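First the structure, in the form of structure tokens, and then the observations on it.
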Protein chains: 2
Amino acid sequence: MTVETSGAYTLTVGEVAAAGGVAASAVRFYEQHGVIHAERTAGDQRRFDDSAACRIRVAKVAQRVGLTVREIAEIFDRLPEQPRPEDWGQVAETLIREAEERTAALRSYLSQLRSGGRLCEM
Amino acid sequence: MTVETSGAYTLTVGEVAAAGGVAASAVRFYEQHGVIHAERTAGDQRRFDDSAACRIRVAKVAQRVGLTVREIAEIFDRLPEQPRPEDWGQVAETLIREAEERTAALRSYLSQLRSGGRLCEM
DNA sequence: CTCGGCCTTCAACATTGGTTGAAGTCAAGC
DNA sequence: GCTTGACTTCAACCAATGTTGAAGGCCGAG
């Protein structure tokens with residue numbers, strides 16, 4: 001019987017945009033692409049829950065390590081309806097693992113070139 | 001008085017494309033954007049040196065960790081005219097450092113969220 | 001010297017990740 | 001209940017990263 005702040009779809013596009021540090025157009029874009037989810041009011045306006053701004057901030061950082069919006073949305077999609085902290089922990093681990101694998105590929109390729117005697121033409 | 005294989009601009013677009021594992025159009029694109037450099041024949045055809053295919057392969061892997069073509073070109077541009085192995089080592093370190101910084105930013109942001117008690121809405 | 005294959009440029013198209021503007025609708029305060 | 005600011009959709013546009021196709025030019029083998 002508490003005031004249910006979590007899971008409540010109360011935030012407008014503008015509020016999420018401000019909280020997420022992006023433009024309102026970007027919030028709509030992320031919703032269209034499944035990074036965040038919204039319910040609609042009777043008047044067809046989007047309402048987001050608290051996770052939206054956070055998801056957007058995570059997405060922005062994840063994009064910097066080369067993940068696409070589609071990939072990020074897919075990772076978020078693995079969350080259950082009522083995610084528990086450990087579900088989010090899984091998401092975090094997946095993102096970091098992906099970033100590390102890509103860095104490892106880069107490192108591996110570069111060191112392979114160097115051990116070949118020269119990096120590129122030398 | 002040796003046969004000068006390094007630094008010789010002898011390879012065509014098609015040869016570099018095959019060696020780099022990309023399409024010819026991509027080779028021209030990378031040249032336009034400064035990732036690789038070409039001389040021109042009297043008939044205005046591009047001729048590349050041995051480094052071209054290698055630069056392209058490195059660029060492809062670097063793109064996977066979120067670096068843009070522009071950023072990659074800028075890193076390659078720091079190479080002197082006649083790069084020595086250690087100059088390429090610098091490039092490799094720069095690329096890896098950049099990838100690691102981005103991964104660290106991701107990791108830092110995620111752990112900060114988690115230590116805040118919850119990741120996103122929880 | 002000619003032929004065929006690879007090269008040239010240029011413009012159009014595709015995809016990703018958005019932004020901007022027009023035209024109209026919703027909702028909250030007065 | 002009206003006004004005003006924030007919301008809606010839609011289409012156009014942007015930049016990055018290429019691909020594709022047309023129209024034509026270069027070059028090396030015979």
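First the proteins, then the strands, lettered A, B, ... as listed; each starts at 1. Model, not experiment: these values are computed from the prediction.
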Could you tell me whether the phosphate oxygens of C:dC26, OP1 or OP2, come under 4.0 Å of any side-chain nitrogen or oxygen in A:Thr41?
-> no
Spacing of A:Phe48 atom CZ relative to D:dA6 atom P, expressed in whole Å = 16 Å
With the threshold set at 4.0 Å, does a side-chain nitrogen-carboxylate oxygen contact exist between B:Arg107 and A:Glu93?
-> no
Any salt bridge between A:Arg102 and A:Glu98, counting N to O under 4.0 Å?
-> yes
Let me know the distance between CZ of B:Arg47 and P of D:dC26, rounded to the nearest Å.
-> 12 Å
Between C:dA27, C:dC7, D:dT9, which nucleotide has the shortest distance from any of its atoms to the side chain of B:Val13?
-> C:dC7
What residues, two or more places apart in sequence or in another chain, satisfy side-chain hydrogen bond (donor to acceptor under 3.5 Å, both in side chains) together with B:Arg57?
-> none
Got a list of protein N/O to nucleotides 17-23 of chain C N/O distances below 3.5 Å?
{"from": "C:dG17", "atom 1": "OP1", "to": "A:Val69", "atom 2": "N", "distance (Å)": "3.0"}
{"from": "C:dG18", "atom 1": "OP1", "to": "A:Lys60", "atom 2": "NZ", "distance (Å)": "2.8"}
{"from": "C:dG18", "atom 1": "OP2", "to": "A:Tyr30", "atom 2": "OH", "distance (Å)": "2.8"}
{"from": "C:dG18", "atom 1": "OP2", "to": "A:Gln63", "atom 2": "OE1", "distance (Å)": "2.9"}
{"from": "C:dG18", "atom 1": "OP2", "to": "A:Gln63", "atom 2": "NE2", "distance (Å)": "2.7"}
{"from": "C:dT19", "atom 1": "OP2", "to": "A:Ser25", "atom 2": "OG", "distance (Å)": "2.5"}
{"from": "C:dT19", "atom 1": "OP2", "to": "A:Ala26", "atom 2": "N", "distance (Å)": "3.1"}

In chain order, what residues pass the side-chain hydrogen bond (donor to acceptor under 3.5 Å, both in side chains) check against B:Arg28, with sequence neighbours excluded?
-> none
A:Arg40 CZ to C:dA27 C1', in whole Å, measures 16 Å
Validate the cation-pi geometry between A:Arg55 and A:Phe76: distance from NZ or CZ to the six-membered ring centre under 6.0 Å, angle to the ring axis within 45°.
-> yes
For D:dA6, take OP1 and OP2 only and decide whether either is under 4.0 Å from a side-chain N or O of A:Thr12.
-> no
Show me the protein contacts with nucleotides 23-25 of chain D, counting only N or O atoms at under 3.5 Å.
none

Here the distance between atom P of D:dG18 and atom CD1 of B:Ile56, to the nearest Å, is 10 Å
Quick one: are B:Leu95 and B:Val65 in side-chain contact, heavy atoms under 4.5 Å?
-> no
Sequence neighbours excluded, the answer for ring pair (Phe, Tyr, Trp, His ring centres under 6.0 Å) partners of A:Phe48 is none
Phosphate OP1/OP2 of D:dC26 contacted by B:Arg46 side-chain N/O (<4.0 Å) = no
Tell me, do A:Leu110 and B:Ile96 make a side-chain contact under 4.5 Å, heavy atoms counted?
-> yes
With B:Asp87 via side-chain contact (heavy atoms from CB on, under 4.5 Å) - residues at least two apart | B:Leu79, B:Pro80, B:Pro83, B:Arg84
